[in-house]
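Worksheet for the structure shown next.
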Amino acid sequence: MTQQDENEPKPRLVFKDPFEQQTSDDTDRGWGESQGGRGLDWYLDQRPPHHGEK
């Protein structure tokens with residue numbers, strides 16, 4: 001270190017770009033979904049009523 005480096009103030013806070021980090025609501029777990037794959041039963045349960053039974 002030089003004399004000039006020692007006299008410079010060091011940053012106290014480090015701000016990171018929040019868009020670089022994934023939040024819990026970006027995941028299935030954050031929305032209450034299980035970690036298992038989505039099978040046919042899940043898709044049939046999600047079918048809207050106006051699509052009728054098949």
Side-chain angles (χ1 to χ4, degrees):
M1 276 190 162
T2 65
Q3 183 70 11
Q4 187 179 13
D5 290 339
E6 293 175 356
N7 292 335
E8 290 182 21
K10 295 182 180 180
R12 293 183 183 209
L13 296 175
V14 177
F15 293 99
K16 295 182 180 179
D17 184 7
F19 295 111
E20 291 179 357
Q21 301 172 2
Q22 185 178 34
T23 61
S24 63
D25 61 342
D26 289 337
T27 63
D28 287 341
R29 176 175 270 176
W31 284 89
E33 299 288 331
S34 66
Q35 291 293 64
R38 293 182 176 167
L40 179 60
D41 292 335
W42 183 87
Y43 286 105
L44 293 175
D45 288 341
Q46 300 301 314
R47 181 177 53 214
H50 64 272
H51 281 226
E53 295 290 327
K54 286 191 177 187

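For this chain, numbers begin at 1 and follow the sequence in order.
Looking at residues two or more places apart in sequence or on another chain, you find a side chain to side chain contact (heavy atoms under 4.5 Å, CB included) between P48 and H50, H51. Not counting sequence neighbours, the partners of L40 by the side chain to side chain contact (heavy atoms under 4.5 Å, CB included) test are L44.
If you chain together ILVMFWY residues whose side-chain heavy atoms come under 4.5 Å of each other, Y43 ends up grouped with W42.
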Atom pairs and distances, donor-acceptor, side-chain atoms in residues 13-24, under 3.5 Å, two or more places apart:
residue: D17; atom: OD1; partner: F19; partner atom: N; Å: 3.3
residue: T23; atom: OG1; partner: D25; partner atom: OD1; Å: 2.4
residue: T23; atom: OG1; partner: D26; partner atom: OD2; Å: 3.3

